[in-house]
Every structure is written in structure tokens, then in C-alpha cells.
Amino acid sequence: MGNDLGGGAGKANLEVFAQTLLSMALQNKDVLVVTSDSRGSGHLKGFAARLPDQIVEVGVAEQDLVAIAAGLASTGKIVYAVSPACFLTARALEQIKNDVCYSDWPVRLVGISAGVSYGPLGSTHHSLHDIAALRAINNCMIIVPADNLETEMAVRAAAGLQHPVYIRFGKRPMPHLHRPGTQFEIGKAIWVMRGSDIAFVATGEVVAQAVDAARTLKAQGIESTVVSMHTIRPLDTQALLAAASSCKAMITVEEHSIAGGLGEACAAVLMQSGIHMPFRIMGLPDEETVVGSQLEIFEHYGLSGPRLAQTALELLNGRG
Amino acid sequence: MGSVALSDRQLRIKSIQYRLKILKYIKMANAGHTGGSLSCIDILNVLYNRILRVSPQTFGHPDRDRYIQSKGHSVEALYVVLADRGFFGESELETLCRYMSRLAGHPTRKVPGIEHNTGALGHGLAFAVGVALTGKKDGRAYRVFVLLGDGELDEGSNWEAMMAASHYGLDNLIAIVDRNMLQITGPTEQVCRLEPLADKLAAFGWSVRIADGHDIPALTDVLSAVPFEPGRPSAIIARTTKGKGVSFMEYDPSWHHGVPDNQQYEIAQQQLEQLLREAGGGQ
Ligand SMILES: [Mg+2]
């Protein structure tokens, strides 16, 4: 997908993650990555070849992955526990809850190929529950980077955290959404576009779809705000309220179940702030998710650029 | 280690005093895991008074020995021993399970001396593998001791950790199984057969020894002999009796988290005080 904001096609966030991790680990031998037979899917074979002493392989055992990562973190290591998001946040949920969050060890939980990145593989491999599950667990930051810049900055920022964090992203190449040098701060949303008609508050790989929708709408004279809400917890309520007050309607967009995700988090903030506006949560509905590529699934559930533009028009015309 | 070495006799006396305190504070809280605390207290006694290189002054030092109580429900035994070793004041034990107390019904890092929050079963060993891995990577001399319940071994996550521990040759890791043959429903062998436990642990690459989990010299010998083999994690199957020391609690699963009523408490106290007199530590 072309994009005139930051300039052109980028890499997969997954690849940027792996490169960033390697460059950090080369500088600091206390940076460790723990994998559960997931170094291939995590693009970490190069890391393993360069720094064999800084990768801990536990086999296909996500519970072990997370608890061992907590143990390593307790000794001062800077640990990234890497596994497909679908397994990491379901199979090892109790380890995340107790060994990481409750015990407050600063493990960087990295859910790769998140959302419907593994779309063709069926629901076993989809992670549409992870944000909801972790939002309900105390002491876990949640970051969903949208593009390469956000990914690199999130992975670097995570190294300095004293508390647990979950970062999730996919494996399809992403367009650059931000100009180089754009500031990234955990908990501070990034404004991608500013407009006064419709506000898209999006997170992760569908931010690009919202940008695409905004471009389509602009051709019809409709101005959009697009906010990349890369940190879902703590939510940037200030940015959310600013986006709400600057536009006539709001659409939240996420590659996640509608239940318990970004949209519901935003709705709760708006309602409790006394803000009532045309509002729509776009995500995956409560049904068995169809099989298909990530983009086909986006299109099917209204998360593609064209379908988001259509939803915006309906909402602005009072037919939403 | 204690500044003054305690004799076997002194440790036997301590064990009985610990049992009295466990019951006292469980009775005061009207909550607690009585049977398991009485079953593992001799192990904790030997660990904290003879084996572990950790003290309130060195807790937090990167080279300290670690003790991780994976069977978190037997926390009363741990609290009583930590208080006795000076990690926190004994009077705080009176707050066990009370509103806003640090002393929750399962261990947390809020309590001085506690390394990791446990309570859900099947977590401590894998966490300990991570701690032991750093010891190996960084060439540190500390050991990591983990106490597991036998019922706890039903959790598959333990066996994931067993595999990883032997795969990485963690001879700085010692798992102690409190083999009291009971879990909450009843005998472990009826609930979901665990035997042949030693063979299973050995098949997973661990070096295994069996010891009397209530015998101070035997526990001292086995815990002083680790690692049993270089390059392998050590497992100790400590043969114990749930509810040990109080006749009507012994080997009765209903005391898993039973709290004695006033009359039962009085009898239990009398029995333990009798044992104390026999051990030469009576008042
Ligand atoms: Mg038992």
C-alpha cells in the first residue's frame, strides 16, 4: 500500500524487531532472548548464529518460556520472551499473570505474528484475545506498534522498563507511517493525520488501513484525524479526548476481538468523560473467524481502507 | 548460614517450636494450609539454619542462594522460619491473612526473604530454571533450591521445567519434593498415580536421592551433598507425613487446609509440647 506520509513501503515489523534486538544485544550481553522453538518464526536465526550465548531455547513449551524468562529477569537480565502471540498469551496466561505481572519481573513479552497474521492457519493461530486478556491482568503494559519506526522504538523503550510489558505485531511488510525522527513515547499516541470530520483511533497494523481510508475520504472532501494508539495500556486518554473533541464522529480500529480491546477501552473513557458522539468499534466480531490472508480477513470484517471509509461515511451521514 | 552452628538436638527442638508457631498463627488467622506446612517444616528448618547461604543482610545480593517455594500454600512454614531467621519481626506473624497484611495466604515478594510470588502450582521450578541459567551464564556460585509438593507434580509445567533443567545441565538447581503421599482430594496414587517418581525424575535427566524428610541429620546429609552429579540437576524425594507431629492430623487429607477448633488446638499443643519435653526443650 502506498503512503505519502512517511515515505514508502517498509519491512515487516517482525524483521525490524529482530534487527533491533540484535543491535541491542550486541551492545549489552545481558540482553537475552528466550524462544519456544520460535526462532524461525521470530526471524531470530541470525541472532542465534551471532550471539548463541544470548538466546535461551526452551522447546515447544510456552509456560516454561514465560516462567524461565521471569527467573532470568529476576537476576537482572533484560529478557525478551518471544513466541507467536496466539500461544504466548493463551497457553502461558497463568505464567504471565503470576510469574511476570503479579511478581513484577520486567519481562518483555513479545507476541509475534499477532492478530490474524496467520490468517490462513485457522483460529488456533489467531490471537484476537490477547489484548483483552492482558488488559484484565494488573501490571502489564500493552504496546501494539503500527509501523517499523514504532516497532523499533517500542522494542528499545521496553529495554529500559522496570515492569512487565507486552508487545505484539505481525509479519507482513508495513508502510512507513511516520517521518523519520518522529517522537515515540510509551503511553503517548502519535497523531498521523489531523482533520475535523472523522477520527480514526487505531492500533497496530490496521493504522495503515485507517490512513488509507482517510485518503479515500479526503478525495470526497472529508477530513480525517488518524491517531496511532500504539500503547493500549496505559491508554493515552488525553489524545483520545482531543481526537473526540476535534471531530464529529469516531471509529476505533483494531486487529483484535471487539470484546475487551482498544474500542471498548476508548468507549469507557469517552462515556465516563460525558462525551457522546457517533462511535463505532471496528474489530473482529464474536464468531469463528473466517480463514484467509490477513488482508482478506481485514476486508471481510470491515477493517480494510475502503470499508473503513464506507463506515465513516455511514457514521457521518447518521446511518451508522 | 547461622552465625552459631546449631546441633541436631537444637534443630529438632526448633522444628517442634516451629510447628507450635505454625498452628498458633493458623489458629489466629483462622486460615492456612496446616497439613502441608507441618509436612515441610523440617526441610525448611535444615535449609534455613544449615544449608542456604542467605540472611536478611545478604538477601538481594546477586550471589545469595535462592529458595523458591513452589508449593506456595505451605506459606505458614516459610513465614515462621523467615521470622525466626530475622527477615521480619515475629509479631508480624499475627497479621497472617489479615486485611492489608503483607503476609498473604501464599508467598509474595512484599515479604522480606521471599524470592518469587507463588501459589498457583507448577510455576516455581521453571522460574528457578531461569535463575539457575543466569548462575551458569555468569559463573556465579549460588544454588537454587525449590520445594515442590507431590500433588503439585500433576501440573505438566513441572515436567517442561524438568526437561529444560537437565537439557542445560543445571547442577546448581535442587528440587525437593515434599512426598507426603497426599493431595487435597486424597492419596496421590489414587488421584493420579505419580509413582515410580524417582524413575520418572531420573528419566528426565535428574540425579535423584530419597531421604527421610523429618530426619534432621538425614536432611542435612542429603542437602549438603548437592550436586549429586556434576552436570545434572539434583532431586530429593523427601519422604514426609502430612500433618506431622499432631496425631489426628497425620496423613489425613482433611487437614490440607483445615483449621483446628479450640479443643483440637489444645490437644495439638499438648502433643507438641510433650514432644518438646522429650527432645529436651520443654518449658
Ligand atoms: Mg502432598
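Side chains included, hydrogens not; waters and symmetry mates left out as well; all remaining heavy atoms used. These numbers were taken from a predicted model, which means no experiment stands behind them. Residue numbers begin at 1 in each chain, while the letters A, B, ... track the order of the sequences.
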Tell me, side chain or backbone of [X] under 4.5 Å from chain A's heavy atoms, or both, or neither?
{"X": "Arg140(B)", "value": "neither"}
{"X": "Asp138(B)", "value": "side chain"}
{"X": "Ala128(B)", "value": "neither"}
{"X": "Thr108(B)", "value": "side chain"}

Legend entry - Under 3.5 Å donor-acceptor, Tyr67(B) side chain and Val144(B) backbone: no
Inset, instruction - Fit a plane to each ring of Phe169(A) and Phe17(A), take the angle between them on a 0 to 90° scale, and name the class: parallel (under 30°), tilted (30 to 60°) or perpendicular (over 60°). - result: tilted
Salt bridge present between [X] and [Y] (N-O < 4.0 angstrom):
{"X": "Arg109(B)", "Y": "Glu115(B)", "value": "no"}
{"X": "Glu195(B)", "Y": "Arg179(B)", "value": "yes"}
{"X": "Asp30(A)", "Y": "Lys77(A)", "value": "yes"}

Would you please say whether a donor-acceptor pair under 3.5 Å links the side chains of [X] and [Y]?
{"X": "Thr134(B)", "Y": "Lys137(B)", "value": "no"}
{"X": "Gln294(A)", "Y": "Glu255(A)", "value": "yes"}
{"X": "Asp154(B)", "Y": "Gln183(B)", "value": "yes"}

Inset, instruction - Determine, step by step, whether Lys97(A) and Glu94(A) satisfy the salt bridge (charged side-chain N to carboxylate O under 4.0 Å, His left out) criterion, reporting the C-alpha distance in whole Å, the side-chain angles of both residues, the deciding distance to 0.1 Å, and the verdict. - result: CA-CA 5 Å; Lys97(A) 171 177 173 263; Glu94(A) 194 179 74; 5.6 Å; no
Legend entry - Val79(A) versus chain B, the contacting section by heavy-atom distance below 4.5 Å: neither
Legend entry - Engaged part of Leu65(A) at the chain B interface, taking heavy atoms whose separation is under 4.5 Å: neither
Inset, instruction - Can you check whether anything in residues 118-131 of chain A gets within less than 4.5 Å of chain B, heavy-atom wise, and list it by number? - result: none
Inset, instruction - Begin from the C-alpha positions of His257(B) and Ile184(B) and carry the test side-chain contact (heavy atoms from CB on, under 4.5 Å) through to its verdict. - result: CA-CA 8 Å; His257(B) 48 28; Ile184(B) 194 164; 3.6 Å; yes
Legend entry - Best-contacting candidate, Lys29(A), Glu57(A), Gln95(A), against chain B by heavy atom pairs under 4.5 angstrom: Gln95(A)
Legend entry - Most contacts with chain A, counted as non-hydrogen pairs under 4.5 angstrom, among His116(B), Met163(B), His167(B), Arg66(B): His116(B)
